[in-house]
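Here is the naming used below: chain letters follow the sequence lines, and residue numbers restart at 1 for every chain. Keep in mind that this is a model prediction, so the values were computed, not measured.
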Amino acid sequence: MIVQVSPDGRGTRAMTQEQHEATTYDVEALQEKWRPVWERIDPFKAGLLGGAEKRYALTMFPYPSGDLHMGHAEVMALHDVLARYWWQKGYDVLNPIGWDSFGLPAENAAIKRNEHPAQYTYANIETQAESFRRYGVSFDWSTRLHTSDPEYYRWTQWLFLKFREWGLAYRKNSPVNWCPNDQTVLANEQVLADGTCERCGAVVTKKELTQWYFKITDYAQRLLDGIDQLEGNWPDRVVASQRNWIGRSEGAHVDFVMRLASGEERTVTVFTTRPDTLAGATFMVVAADAALAAEVVAPAQAGVLEAYVEETRKASDIDRLATDRPKTGVDLGITATNPLTGEQIPVWAADYVLADYGTGAIMAVPAHDQRDREFAEKFDLPIVPVYDDSEDAPPYDKAAAVAEAIAKLEAAGTGQGTVNYRLRDWLLSRQRFWGAPIPIIHCETCGEVPVPESELPVRLPDDVKGEELKPKGSSPLAAIESWANVECPQCGGPAKRDSDTMDTFVDSSWYFLRYVSPHLDTAPFDVEALKQWGPVDQYVGGVEHAVLHLLYSRFFTYVLHDKGYLEFEEPFTRLMSQGVVINQGKKMSKSLGNGVNLGEQLDEFGVDAVRLTLVFAGPPEDNIDWADVSPAGSVRFLQRALRLATDVTSAPGVDAAEGDVALRRVTHKTLHEVEGLMESYRFNVVVARTMELVNATRKTIDSGAGAADPAVREAVEAVAILLSLVAPYTAEEMWERLGRNPQLDTTVARAGWPAIDEALLVDDTVTAVVQVKGKVRARLEVPPSISEGDLEALALAAVDLGGEVPKKVIVRAPKLVNIVV
RNA sequence: GCGCUCGUAGUCCAACGGUAGAGACAGCGGCUUUAGGUGCCGUCCAGUGUGGGUUCGAAUCCCACCGAGCGCACCA
């Protein structure tokens, strides 16, 4: 059933009932009608409005796993509201799209189906691209990139080599997180708080391996300081997460001299945030699994330590999660000197001290630290208070005491003030196939040799499939001899390629820079173009990347800034983290059987209604419970809006100034208010205001000035433009029915934001509220320009104070008077 | 334990420190309709989690508590 426009263009009022019913719109037909038109006129190319102020709108690029789902639909709907608004406001908008197309699922699928990961990947990309086009997102398709294209990962490799050149990428042997299921190492950021793999949920273990790292710790302070300028522009919880993750803590390094069983002395530095309590340090604790413990242990205790380490290693993954676990540890059989008191204190090893935080050793102050106290009580170690911290004691000025203690340590040469971070370097090697190969060649003679720039990219072999991709504890690439064996670029001797690939977060740490010049083949990005387009003005994406992707991208941007490639330090000026779509109070999942299929929703209600529902459901950052919203209600609203366009009988270009003033006021006020709402992301309220305008227009047509009134045309055109942000198909159809797009060669999406007439934003009269002691007693209709004195006089005359004398009168002309008696 | 966010009609949500209700869902009643799961009109429902404080005036600002969600966590 196709929407009918009455042949004489006079609208539905003249129609019979049957004809009226026929105006029920067929969403499928609308979509099929307009999509080809948009594809033909390509209205969203960046640079179309060269010279206008730029806006860079970015949405986190998708991973190509199957088709789009409700989550994608939500982000894209929210993101597109803003991008389309910017177009309407006359900005030159860059709204790019690409795919984060390296990653494990494609590799696992390839093993299962006996094919190459590229097959699965690129097939899914095509499916998703088609869905995005149907969904009507205002992307500039000419920007399209895929991180798994050699043209892209060539530059990922190039950047890796640059980072190495700059001393920001290095290789070290260290215990790393190992996912036994995915058969690869993981970054700290990819291990969840419960010790499981962020991807697959398997319990992560530790493994000693030589791996590549990015030296993100060099940027810990910069990344922390930069957060200040994001505050207010990024969601609080993301800001808080990043601060937590970087985990700055101030304190001091204090040197303790250990006396080993051999009589040898060894200086061990500890980190403490409480150097003021040094006098109460009655023992030391070394992380049991740190090399230091084994090095200093007295021979008599070595066996006990070894057994303890073995035991804790077994239990660690499950038990470390329990914070109320009883303290365990072993005496190392040696002592150290407390540098302040000169006392000999025992040295223990325990698993409550972490090998990779601080220096892996602590001074224990049981009187003022809960954990140390538990340990001391269990093993009967002395507890010596440094100050009285009981309730009725005089307050203890901790900050001053700490500062004083640091000064003393520095004077004595036994320590100094320092800052410690929780952040660790970023482990980027992965023992998997479907990623950017690390462009390093290992030569027996020359060692690590970078692949010469002219030989980039180091391509993945494209003739392997299925079983050959199976992880074997080392990268599948290592087993492909024709690929792995090469000549050393330096000495020409036999050498092997580094067979690991890069964490896919490396790919996504710079893609937003590539978008300004996606086809450039002489550099990763066009420095000049980025001066024009960068940084991203608005980034929209899931809060699951609060730390990972957003921290890594910030790191890359800081580095590239420092090296002169970028003018800006922070990549994403504003960030919006949308909520998730849930159903019946729970996360959608197969096991719960509460999944909502996006395709089915689109088939049933249409693209516009689904988009409208998602935008209208609530504030963007709130979760949307699909059981609480009504796509059917959205369909009804869109029908009402569309019918308005059919009803309009005046000709395009008619002078609105001749029209009904009451409706004109609603129109102009709505447009004005929407501008403010857009600025603060209140997209749900934008929809509500549009609904009000539709309702007001309906009333004017049916029981007011009538369909021929020029103000009605003005209002309906405004509705079409407002709806073009959320419901592009319906808006476009309205525009055509309004006679504004007769050749089907333009789009309402680029019609431009209507000029707002300031004079129409003020009413003839406003309602002034008269309060007595804050309670409403009367309402007055007054001109908006009324003076405070006049309003006060009117107010005093309007209420009966029962003989009481006004003590004070607060006047806020023209809206309010409060009389205090 | 530390930190962040949020508690408003049956539900989802609005309300520059100034009339608690904009919009919607569900319900109810009418009109339209052969009928209705369409359309139109009307209507019920909260005093803002609790207790203090600031203010002429608090849903809004401050403090405490209760509840929910999230981040970090034997991090020294």
Asks: Can you say whether a donor on the side chain of A/K327 sits under 3.5 Å from an acceptor on the base of B/rC74, or the other way round?
Replies: yes
Asks: Taking atom P of B/rA73 as reference, at what distance in whole Å does atom CZ of A/R424 sit?
Replies: 9 Å
Asks: Which label fits A/Y396 and A/Y387: parallel for a plane angle under 30°, tilted from 30 to 60°, or perpendicular past 60°?
Replies: parallel
Asks: When you match A/N244 and A/G360 each to their closest nucleotide on RNA chain B, which lands nearer the 5' end?
Replies: A/N244
Asks: From NE2 of A/H545 over to C1' of B/rC70, roughly how many Å is that when rounded to an integer?
Replies: 17 Å
Asks: Rounding to a whole Å, what distance do you find between A/E673:CD and B/rG23:P?
Replies: 12 Å
Asks: On RNA chain B, compare the nucleotides closest to A/N818 and A/D628; which residue's is nearer the 5' end?
Replies: A/D628
Asks: Starting at atom CE of A/M691, determine the distance to atom C1' of B/rC25, rounded to an integer number of angstrom.
Replies: 10 Å
Asks: Check every atom of B/rC74, B/rA14, B/rC56 against the side chain of A/N684 and return the nucleotide holding the closest atom.
Replies: B/rA14
Asks: Using atom CG of A/D702 as one end and atom P of B/rG42 as the other, report the distance to the nearest whole Å.
Replies: 11 Å
Asks: Tell me: CG of A/L423 to C1' of B/rA73, nearest whole Å?
Replies: 16 Å
Asks: Touch check for A/R640, heavy atoms < 4.0 angstrom, all strands: base, sugar-phosphate only, or nothing?
Replies: sugar-phosphate
Asks: Which is true for A/V629 with a 4.0 Å heavy-atom rule: it touches a base, it touches only sugar-phosphate, or it touches nothing?
Replies: nothing
Asks: Provide, to the nearest angstrom, the distance between the CG atom belonging to A/L816 and the C1' atom belonging to B/rG18.
Replies: 5 Å
Asks: Please give the nucleotide sitting opposite B/rG36 as a Watson-Crick or G-U wobble pair, both distances under 3.5 Å, or none.
Replies: none
Asks: When rounded to the nearest 0.5 angstrom, what is the spacing between CG in A/D236 and CZ in A/R243?
Replies: 9.5 Å
Asks: Any side-chain N or O of A/K808 under 4.0 Å from OP1/OP2 of B/rC56?
Replies: yes
Asks: When the distance from CG of A/L612 to P of B/rC25 is rounded to whole Å, what number comes out?
Replies: 11 Å
Asks: Under a 3.5 Å cut-off for both distances, is B/rA14 Watson-Crick or wobble paired, and to whom?
Replies: none
Asks: Return the nucleotide paired to B/rU8: Watson-Crick means purine N1 to pyrimidine N3 with N6-O4 or O6-N4, wobble means G-U with N1-O2 and O6-N3, both under 3.5 Å.
Replies: none
Asks: May I ask you to say what A/R422 touches in the nucleic acid, namely base, sugar-phosphate or nothing, with a heavy-atom cut-off under 4.0 Å?
Replies: base
Asks: What is the nucleic acid contact for A/P235, judged by heavy atoms within less than 4.0 Å: base, sugar-phosphate only, or nothing?
Replies: nothing
Asks: What's the gap between B/rG49 and B/rG7 when it is taken at their P atoms, as a whole Å value?
Replies: 8 Å
Asks: Name the nucleic acid region contacted by A/D622, choosing base, sugar-phosphate or nothing; use a 4.0 angstrom heavy-atom cut-off, strictly under.
Replies: sugar-phosphate
Asks: So what does A/T690 touch, heavy atoms closer than 4.0 Å: a base, only the sugar-phosphate, or nothing?
Replies: nothing
Asks: Looking across every strand, which nucleic acid part, if any, lies under 4.0 Å from A/Q771 by heavy atom: base, sugar-phosphate, or nothing?
Replies: base
Asks: Over 60° means perpendicular and under 30° means parallel, so classify the ring planes of A/F375 and A/F379, tilted if in between.
Replies: tilted
